[in-house]
Amino acid sequence: MTAEARLLDPGLVRRIEGLELRARTVVEGVLSGIHRSPHRGSSVEFAEHREYGPGDDVKSIDWRVWGRRDAYYVKQFEEETNLKGYLVVDATASMGYGPKGATKLDYARTLAASLAYLLLKQQDAAGLLTFQSSLKNYVPPQANTTHLREILGVLAAVEPRGRANPEEVFTALADRIRRRGLLIYISDLLDDLDRTLRALKQFRHRRNDVVVFHVLDPAEIEFPFEDLTLFVGMEDDREVLADPRGIRKAYREEMAAFLDRCRRELLGDEIDYRLTPTSIPPDRTILDFLGRRP
Amino acid sequence: MTLSFLSPVFLAGLAAAIVPIVIHLIHRQRAMTHRFPALEFILRSNRRVARALRLKEILLVVLRTASVALLALGFARPVLYARTTLVSGGGPRSILLVLDRSYSMGYRSGGTTAFERARSAARDLVASLRDEDEAMILACGRRPATVGTGWSSDRELLRKGIDGLSLSFEAGDLAACLERAGPLLDGAGRPERSMVLLSDLARGGVDLARLQGIDRKRRLWVLDVGAPGPRPNVAAAAVEADQSAEEGLRAVRVRATIRNFSPEAIRDLPVHAVLAGRSSVEARGFVDLPPDGEATKEFSLPIDPRQEPAGSLFGRVEIRGDALPADDVRFFKVWIRSSLRALLVDGDPRPHLVDSETFYLERALDPVKTPTSLVKPEVVDPEGLPGRDLKGYDLLVLANVGTLPREVVERIREFVRSGGGLFLSVGDKVEPDRWNEVFGDLLPEPLWSIRALAEPGTSEALMRSVHFEDYTGEHPLLRPLAHPKPEGPRLSSVSCLRHALLKPTPPREGVRVVLKFSDGAPALVEKPYGEGRVLLFTSSIDRDWTDFPIRPVYVPLVQQIAQYLARTLPAEGRREWTPGDAPLLPVEGGGRSAAVSDPQGGTRTAPVRPDPSGFSNLEVGEVSWPGVWRVALGEPGRFDFAVNLDPKEGDLAPIDRPSLARALGEDRVAFLTSPRIASSSGAPVERPVPLEGAAFALLAALLIVEGVVAVRR
C-alpha cells in the first residue's frame with residue numbers, strides 16, 4: 001500500500017473535497033488564488049506608502065513623496081496570491097502514546113495529510129515540518145499536487161522519538177517562514193508549554209495565521225486507570241507508583257487547568273485552538289475546523 | 001483486673017494479623033507498569049493527594065490488621081475479671097454455707113487439701129456473721145445433707161458443725177447440691193438470703209446442663225478453694241477380673257484401666273495388682289499414659305482351683321500415690337469356679353450311644369473333656385445307681401428313669417436335702433402314676449398324663465408341636481438367656497411333640513414354673529428341697545420327644561441348670577458399687593437379715609425383703625467407704641461386694657468461670673476473692689466479663705469502616 005493510500009481515506013477525501021480552505025487573513029504567495037494577499041506588488045492596485053527599508057526594491061520608491069517629504073517611501077500594492085500553509089507535526093516520543101495503529105502521531109499524520117491534500121487541491125501551497133528534539137524533516141511549501149506525495153512520504157516515515165526543544169524548533173521554523181502564511185501546529189503540547197505558547201504567539205504577532213490542533217489520547221484526558229500502576233515517562237526515565245483511583249480527581253483537575261490555559265492563552269492571541277482527542281474521527285475534526293472558519 | 005482467655009489456642013491466629021501487611025507490600029511490588037506521556041500531571045496530582053493517600057493506605061492496613069487480630073482474639077474468648085465490691089444489704093441475713101466434700105477436695109497442694117481450705121473459709125465466714133444473721137451448713141457430695149439442726153445464729157454451734165465435717169469418698173454433684181439448697185433458703189428466717197459455695201469447682205462434679213435448670217432467684221457467691229494452677233491427677237479408673245478359661249481356670253486375668261487427668265504424658269507409672277486368696281498373689285508392671293488419656297494394664301495372677309474353694313475372691317489394683325490418693329486404688333471381685341461332679345442315670349440306655357437318653361446331656365455338660373473341665377459327668381444305668389455314693393457328687397440327673405428301689409430314692413432324698421441338686425426328665429419309660437408313687441415329695445408337681453401332640457416326621461408335627469417360650473424374667477437360671485440377641489440362641493427355637501402334663505395343685509412355697517411351653521404347660525419346674533434343689537423337665541432330655549438337644553440353646557441352658565442345681569452359679573447382682581449407693585443384693589428367700597461389715601471394721605444388720613417380682617433383696621444401706629464389704633449370708637463370700645470411687649471425680653481441672661456463671665445465672669453469681677462478706681465496704685468479688693461479644697462487635701464495626709474507606713475516592 002502506498003503512503004498516500006495509507007493516509008488518505010478516500011471517503012475522507014470525498015467529504016472534504018469541495019470545501020475550500022480560506023485563510024482569515026491575506027497571505028502572500030506566488031500563485032493566484034482566492035485569498036487576499038497583504039503583499040503589495042507592483043502590478044496591482046496601489047494601497048499605501050511606507051518608508052523605504054533595506055532590501056526593498058529601489059524601483060518601488062515613490063519619488064513624488066520623496067520630493068514632498070525629503071524621505072524615501074515605497075508604494076505598497078495589493079496583490080492577490082495563493083495561501084502558503086505550513087504543517088508542523090510534533091513527532092516527539094510522547095506522540096507515540098495510544099493503541100497500536102491509533103497513536104497520537106498516527107492521528108497527526110492523518111490530519112496533516114488531509115490538510116495538505118486540501119491545501120494542494122485548492123491550489124494552495126503546502127509544506128511540512130516535523131520535529132523531535134530538533135527539526136526532523138522540512139518539505140518546503142509547493143502548490144503542485146504531485147508535491148503531496150513528498151509530504152505523505154515524510155509523514156509516513158517519521159517515528160515518535162525524543163523530546164522537543166521548542167527554542168530550536170521554532171527558530172528553525174522562523175528561518176523558513178519568511179512570509180506570512182498559515183501555520184498549522186499539530187502537537188500534544190506536553191513539552192515546554194511556556195516556550196511553545198510564547199513561540200506560537202510570536203508567529204501570530206508576525207501576522208501569520210496560526211492553528212493549533214491539540215492532539216491527546218482520551219486516556220490522557222480522563223485517566224481511567226484503576227489498579228495500582230507504575231507509570232513510566234515516555235520522553236525521560238521518570239516513573240511514579242500511583243493509585244489511579246486515589247489521584248484521578250486531582251489529575252483531571254490538573255489536566256483541565258492545562259487545557260484551559262492552552263485554550264485561553266492561544267485564543268486570547270487569536271490563535272485557532274482546537275482540542276483534538278484521538279477518539280474523534282479526523283474527518284470530523286477537519287470539517288469542524290473548516291466549518292468554523294470564515 | 002486481669003485478662004484471661006478461655007480458648008488460648010486461637011491466639012496463634014494473631015500471627016495472621018501480619019497477612020494484610022504482607023499483602024499490601026506484595027500488592028505494591030506487583031503493580032503493573034504503564035508508559036504514559038503526561039507523567040507530569042501524575043506527579044503533580046500525586047504531590048497534591050500524596051499525604052491523604054498515604055494516610056488512607058495506612059488506615060486501611062491498620063483496619064485490616066486489627067480485624068484479623070480481633071478475629072483471633074474473639075475466638076480465643078477473652079474474659080476480663082474485674083474486681084468489684086458486692087455490698088451486702090444492711091438488714092439481717094440468712095446465709096447458707098454450701099461445703100463441697102466430694103473426694104476431689106482431698107487434693108493436696110501447698111501442704112493443705114481443698115477440703116481443709118474450705119473448712120477454714122467456712123469458719124471465717126461464720127466469724128464474720130453479725131448477731132442478727134443466721135446460717136446453715138449444707139455438706140455436699142453425691143447426696144447433700146444439712147449439718148446440725150438447721151438455721152442458727154449461734155456461731156459456736158455452727159463452727160462445731162464445720163469441725164465435725166469430714167471428707168467423703170463420694171463424687172460431687174453440684175446440681176443436686178444447689179437443688180437441695182433452694183428449698184432450704186426458702187425456709188430461712190431472714191429477709192436477705194444468699195448462699196456461699198465453697199468448692200474446688202472440679203469439672204468432674206459439675207454438669208453445666210443440669211445447672212441451667214436450677215432456680216436462680218437466690219444470690220450465689222462462689223469461693224474457689226481448689227489448688228491454683230494445674231491439678232494433675234492419675235486414677236485407677238476401672239478393673240475387670242475373671243477366671244481365665246484360656247489358662248484352664250488356673251489364673252485370674254485382671255485388666256486395669258489407668259486414666260491420666262493431666263496434659264502431660266506419663267511414662268513408666270508403676271501398677272500393682274494383688275489377689276487375696278488362700279495365699280496372696282501379687283504382680284507388678286508399668287504403664288505409659290498419654291496426655292489426658294488412659295491406658296490398660298493386664299495381669300495374670302495364678303491360682304490353684306483345687307486349693308481355692310468355689311466362690312468369690314477379692315483383689316485390688318494400686319498405682320503410685322499422687323496428690324489425690326483416694327483414687328489410686330481400686331478393688332475387684334472375681335468369681336472362682338471349681339469343678340462340678342455330676343452323676344447321670346440313663347433310664348434308656350441303647351446299643352447305639354447316640355440313641356441313649358444321656359448321650360447329648362453328657363456332651364453338653366462337658367463339651368471339651370479336659371482334666372480341668374468345669375463339669376465332670378459320669379453315666380450309669382439305673383442298676384448301677386445303688387452302688388454309687390452320692391456324697392461325692394454335686395448333681396444327680398435321672399433321665400427317663402421310670403422307677404427306682406425305695407431305699408435308693410430315700411438316699412436321693414437325703415442327697416438333695418443335704419444340698420445336692422436333682423434334675424428329673426421324663427420319657428417313654430415314665431408312667432405318671434407310677435412315677436408319682438416312686439418319687440413322691442421329691443417332685444415339684446405330680447405328673448398327670450403324657451401329652452402326645454403328633455408323631456415325629458409327619459406333616460402334623462410341624463403344625464402341632466409346641467415351643468419353649470422366650471424368657472423375659474429375672475430367674476438366675478434363665479437370666480443369661482433372657483432378651484436374646486437376633487443371632488443368639490433362643491429358647492423359642494426348641495420344639496416339642498410330647499411332654500408331661502402336671503396335676504394342678506395349690507401353690508406351694510418355693511415351687512415355681514421356671515419355663516413354659518407355648519401352650520402354657522410347664523416345661524421346667526423348680527422346688528427347693530432341704531438345702532438342695534430339684535428341677536423337673538417335663539419332656540425328654542434326648543431327641544425322642546423334642547429337638548432340644550440339637551438347638552444352640554441346649555448347651556448353655558444345660559450348663560446353667562447344672563451350675564444352678566450345684567449352687568455354683570455366681571451370685572446375682574452388681575459386684576461393684578460406689579460410695580453413696582445403697583446396694584440391693586438379690587438373694588433367695590425373705591424374712592431374714594445378714595450382718596454386713598464395712599472396710600473400716602464397722603458392722604450393721606441388713607434386712608432381706610421380698611420385692612413384687614417374687615425375689616428377695618438384701619438391703620445393705622448406704623455404703624460410704626471404698627473397699628471390700630463382707631456379707632454374712634449363704635456361702636462365705638457369695639454376696640460380698642467391692643465399693644470403688646467414681647473415677648469421673650478424678651478430673652480435677654476447674655470448670656471455667658464464665659461457663660459456670662452463665663449456667664448459674666450471670667446476674668446472681670459472683671466469685672469471692674476472700675471469705676469475708678460482712679465488711680462495711682462489701683465483699684470483694686471478681687466478676688467475669690466475657691469480651692468475645694465485644695470483640696466480634698468491634699470486628700464488625702471495623703469491617704464496615706474498612707469498606708467505606710476502601711471505596712471512598
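Order of the sequence lines sets the chain letters (A, B, ...), proteins ahead of strands, with each chain counted from 1.
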Task: Working for side-chain contact (heavy atoms from CB on, under 4.5 Å), residues B/Ile42 and A/Phe223 - done: CA-CA 10 Å; B/Ile42 296 177; A/Phe223 201 63; 3.8 Å; yes
TODO: Count the heavy atoms belonging to other residues, nucleotides or ligands that lie under 6.0 Å from CZ of B/Phe75, then report whether that count exceeds 12.
DONE: no
TODO: For B/His34, enumerate each residue passing the ring pair (Phe, Tyr, Trp, His ring centres under 6.0 Å) test, keeping only those at least two apart in sequence or located in another chain.
DONE: A/Tyr97, A/Phe225
Task: Interatomic distance, A/Glu254 atom CD to B/Phe41 atom CZ [nearest 0.5 angstrom] - done: 7.5 Å
Open item on the list: Ignoring hydrogens, what is the shortest heavy-atom contact between A/Gly233 and B/Leu39? Give both atom names and the distance.
Closed with: N-CD2, 3.6 Å
- [ ] Below 4.5 Å from any heavy atom of chain B, which atoms of A/Leu190 appear? Answer side chain, backbone, both or neither.
- [x] side chain
- [ ] Select, from A/Glu235, A/Lys249, A/Glu253, the one with the greatest count of heavy-atom pairs under 4.5 Å involving chain B.
- [x] A/Glu253
- [ ] Against chain B, work out which of A/Val240, A/Asp217, A/Thr92 has the most heavy-atom pairs shorter than 4.5 Å and name it.
- [x] A/Val240
Open item on the list: Rounded to the nearest 0.5 Å, what separates atom CG in A/Asp191 from atom CD in B/Glu40?
Closed with: 12.0 Å
Task: A/Arg252 CZ: over 12 foreign heavy atoms closer than 6.0 Å - done: yes
- [ ] Assess whether atom CD1 of B/Ile18 is packed by more than 12 heavy atoms of other residues, nucleotides or ligands within 6.0 Å.
- [x] no
- [ ] Search all heavy atoms of B/Leu43 against all heavy atoms of A/Arg238 and return the closest pair with its distance.
- [x] CD1-NH1, 3.4 Å
Task: Heavy-atom closest pair, residues A/Ser94 and B/Pro37 - done: CB-CB, 3.7 Å
Task: From CA spacing to verdict: side-chain contact (heavy atoms from CB on, under 4.5 Å), B/Phe36, A/Val232 - done: CA-CA 6 Å; B/Phe36 194 73; A/Val232 180; over 6 Å; no
Task: Straight-line distance of A/Leu228 CG to B/Met32 CE, nearest 0.5 Å - done: 10.0 Å
Task: Structural part of A/Glu220 lying under 4.5 Å from a heavy atom of chain B - done: both
- [ ] Would you give the length of the straight line joining atom CG of A/Leu230 to atom CZ of B/Arg35, rounded to the nearest 0.5 angstrom?
- [x] 11.0 Å
